[in-house]
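Nothing here was measured: the structure is a model prediction, and the numbers come from that model. Throughout, a chain's letter reflects where its sequence line sits, starting with A, and its residues are numbered from 1.
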2 protein chains.
Amino acid sequence: MSTDRLSLIFSALADPTRRAILARLSEGEATVNELAEPFDISLPAVSRHLKVLENAGLISRSRNAQWRSSKLEAEPLREATEWMDRYRRFWDASFVRLDAHLRKIQHDSQDPGVKQ
Amino acid sequence: MSTDRLSLIFSALADPTRRAILARLSEGEATVNELAEPFDISLPAVSRHLKVLENAGLISRSRNAQWRSSKLEAEPLREATEWMDRYRRFWDASFVRLDAHLRKIQHDSQDPGVKQ
DNA sequence: TGTCTAATTAACCGATGCGTAAAATATCCA
DNA sequence: TGGATATTTTACGCATCGGTTAATTAGACA
């Protein structure tokens, strides 16, 4: 019970079907039937994938007569990348340089008259 | 069986203990005992978290006498953010502007003499 | 009202995840 | 060799996940 937001987001993204659904939704809203069409899994299975995505905040849903339309909500993806940004200096060359630069100016200001 | 790489990465990140372990490793290599110290879970549990992280490529391990040292490997995080970058235009204002710009120049080059 | 379509919920099943305690392994060192 | 320390493997329990089929709900419409 009571799972933190980031865990909900990452575990929602851990399933390839759900990632494919998000990819489809990046091209526009779609109903459950439309979303289910490319997969050979049952409609209830898709319906529950959508519930997982909704709980993670990755989609929002609206009703139009008997159709329920899903819409991509990218904010959780922003949150997830923001979390990963802590680690960017470990892979991004420009961040590695920035990191070195920041260390240098930090060092210079802390030890203005350092010898050697 | 045979889970794709991105799913391995995201499901590894879905656990808060594992994310905390990565955070710790961003400050430097550490042994299993050192990594386990902040958590009130058993050593075997930590050991298996490390195996999950290793399978996802998020850490590498080396042996030094009876100690096994873990080291952060950020490449999978780069992969994950790269995947999310497809969706960046949905949350990043500067990407929204870039997107609009690209649409415009695309439109201009395809319909050079368009009226109105 | 009854019926059609869209979607969800319920009940179930097998696999996996995360924890435990206990046993096994690996390496150092006396 | 035998003991001490570090770590992993095994065996187990329980909860969750991802799928199924069958039943139910929601809304349109004749």
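Atoms CD (A/Gln66) and C1' (D/dC29) sit 10 Å apart, rounded to a whole Å. With rounding to whole Å, A/Leu43 atom CG is found 11 Å from C/dT5 atom C1'. Here the P atom of nucleotide D/dG27 and the CG atom of A/Asn64 are 12 Å apart, to the nearest Å. As rounded to whole Å, 11 Å separates atom C1' of D/dA6 from atom CD of B/Glu34. Rounded to an integer number of Å, the gap from CG of B/Asn33 to P of C/dC28 is 17 Å. The CH2-C1' distance, from A/Trp67 to C/dT5, rounds to 8 Å in whole Å. Following rounding to the nearest Å, B/Asn55 (CG) and C/dG17 (C1') show an atom-to-atom distance of 14 Å.
Inter-residue side-chain proximity for B/Ser69 and B/Asn64 is flagged as unmet; no heavy-atom pair is nearer than 4.5 Å.
Among the protein residues, A/Thr31 comes within range of the sugar-phosphate backbone only, with heavy atoms under 4.0 Å from sugar or phosphate atoms but none that close to a base. As judged by a 4.0 angstrom heavy-atom cut-off over every strand, B/Ile41 is placed among residues touching the sugar-phosphate backbone only. Within 4.0 Å of A/Ala45, counting heavy atoms only, lies at least one base atom of the nucleic acid.
In the interface, the side chain of A/Arg48 is paired with the base of D/dG19 through a donor and an acceptor atom under 3.5 Å apart.
Side-chain nitrogen and oxygen atoms of B/Lys51 include at least one within less than 4.0 Å of the OP1 or OP2 phosphate oxygen of D/dT9. Checking the phosphate oxygens (OP1, OP2) of C/dG19, no side-chain nitrogen or oxygen of B/Ser42 falls inside 4.0 Å. For C/dG17, neither phosphate oxygen OP1 nor OP2 lies less than 4.0 angstrom from any side-chain nitrogen or oxygen of B/His49. Using a 4.0 Å cut-off, no side-chain N or O of B/Arg63 falls inside it from OP1 or OP2 of C/dA26. Here A/Arg18 reaches the OP1 or OP2 of D/dG18: one of its side-chain N or O atoms lies under 4.0 Å away. Side-chain nitrogen and oxygen atoms of B/Arg68 include none within less than 4.0 Å of the OP1 or OP2 phosphate oxygen of D/dT5.
Residues A/Arg89 and B/Ser26 bring no donor and acceptor atom of their side chains to less than 3.5 Å of each other.
Nearest-nucleotide assignment on DNA chain D puts the 5′-proximal partner with A/Ala14, out of A/Pro44 and A/Ala14.
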